[in-house]
There are 2 protein chains.
Amino acid sequence: MTKTIFSITFAIIFMHNTQAQSQTPVSSSNVRSTKIHTNPITNNVFQYGVAEAFVNGAYKGELSVAELKHYGDFGLGAPDNIDGELTIYKGKVYQTTADGKTREANKDLKTPFAVVSFFNEASHDVYSISNTVNTKELYNKILDKLPARNSIYAIRISGTFDSVTTRAFPAVDEKQAKPLAQLMDTQHLFKFEKLNGTMIGYYMPAFLSGINISGLHFHFLSDDCKSGGHVIALSGHDLKITISPMDGVTVKIPSTPQFNSFQFKQDNTREVKTIEKGSN
Amino acid sequence: MTKTIFSITFAIIFMHNTQAQSQTPVSSSNVRSTKIHTNPITNNVFQYGVAEAFVNGAYKGELSVAELKHYGDFGLGAPDNIDGELTIYKGKVYQTTADGKTREANKDLKTPFAVVSFFNEASHDVYSISNTVNTKELYNKILDKLPARNSIYAIRISGTFDSVTTRAFPAVDEKQAKPLAQLMDTQHLFKFEKLNGTMIGYYMPAFLSGINISGLHFHFLSDDCKSGGHVIALSGHDLKITISPMDGVTVKIPSTPQFNSFQFKQDNTREVKTIEKGSN
């Protein structure tokens, strides 16, 4: 196709929030609360935010902890300005901060990235491991048991941990937000020993890489709800692994200026472009 | 981390569909219909399938047209084995086949990839174009009017078309499914002239590339519902453009063997891996 010179003057009438000017009546409003359909989505993972933007500095929280609870009773996330880590378990939201403390999060705390679901006790496979396993052994066993690699699973692992190493970031200065990969030396690591607790997380398929984090991703919460964080390493025994297959994922898109102005990598393949315009 | 030799014998008890063997009672079942929570998702785009798998040959349909209607009254998609194109408008699903005909799709027809939403008359921006525009001019004008590039918009364009070129593929032999890019010479192109109709489609942000098709994507349906297909090119005037912002997208994952065995490109960046394991 030859280059089109864009010289025509358009008679564009902007009718947002004004009375329609066309011959047929046009309803126009920016009130989103009317005539909104609720979709009959079941057994899905709800995700607020997009991982690629989050790990590259879009740390500003927007969805409150109170709102997040509407979408699930199980899951993980990050607090506003990555002030620690969030773990959602049995309907409560816990925040682990860089001082190593875990406590129930304030309902007004906002998150820039969180992944939750309703953990369905009635629909899952359960496996037990009695002997001691390390991180790699546990993760390999879980990956081995997944019915399909191109699907999503909510995964819960409860039992006795000889040790669990977790991490939490200290809150970043909003105006100097660097990508997370450049903040690794600021993370605080905690090693908890000889305690009972639960790993809460997901297996996400390769096609959700960028949107979410593909593969296995867990946060930890001790039985007394006082220790937690993003799981880095572990050694445990007498573990009960519960794998719950999910039908899909809902991604709710942030509307923060930070998110809106984020430059995502473009990886639209030439193939797709060819298909769209119908020729090579 | 040094290589871990995986030599420990695991006492894995597979308890799926059997009585639990552990000390505490464990409910276990593969019946997914019990205790499934419905998420309160509103104003979202519902998508069945993943574009990367679909354009590379996962053409086997699974979700029926009857089911698809539960998730939206507006949208586009592909029929089982890409036997033409699907256009969803005012709650009806139309199939345009390679013979150039458009008719209401059979409710039992299955789709491997479809994108639908409830078109919300109360929440949108409306623009009018009176003079004649071509494809590029129209698309540039729409892109220019989008409030945010990192969001999703349902877009409807109704008016008078001097010409609309659409395409539809003939059904592929399931056993010899090649990627869509290798089937371009089998597509049938149709040029409809001097007719009134509607373009039905979406703007998808860059971060959904691979999951969906980023940028603008439209199907066409004439006012008499007898002409349609995937829009390749157009010339039109007296067009009314309605742009409806969406809050997010729900991706329902297929469970066909074709989809389950599809090898997605891995584009997990080293950054994300570093962040996950907490060290470089």
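Residue numbering restarts at 1 for every chain, and letters A, B, ... go by the order of the sequence lines. Every value quoted in this text rests on a predicted model; they were computed, and no experiment measured them.
Taking A:Ala58 as the reference, A:Ala53, A:Gln258 meet the side-chain contact (heavy atoms from CB on, under 4.5 Å) condition, with sequence neighbours excluded. Among residues two or more places apart in sequence or in another chain, the side chain to side chain donor-acceptor pair (under 3.5 Å) test is passed with A:Gln182 by none.
Note: A:Phe264 and B:Phe207 have tilted aromatic rings, judged against thresholds of 30 and 60 degrees for the angle between ring planes.
Put simply, the side chain of B:Asn150 gets close to the backbone of A:Phe259: a donor and an acceptor are under 3.5 Å apart.
Neither the backbone nor the side chain of B:Leu239 comes within contact range of chain A; no heavy atoms are under 4.5 Å apart. Neither the backbone nor the side chain of B:Tyr48 has a heavy atom closer than 4.5 Å to any heavy atom of chain A.
Taking B:Ala51, B:Pro254, B:Gly248 one by one and counting their heavy-atom pairs under 4.5 Å with chain A, the maximum is reached by B:Gly248. Residue with the most contacts toward chain A among B:Thr242, B:Leu183, B:Ile211: B:Ile211 (heavy-atom pairs, distance under 4.5 Å).
Interatomic distance, CZ of A:Arg149 versus CD of B:Gln263, reported as 9.5 Å (0.5 Å rounding).
Partner of A:Val249 under the side-chain contact (heavy atoms from CB on, under 4.5 Å) criterion, chosen from B:Ile253, B:Thr250, B:Val251, B:Val249: B:Val251.
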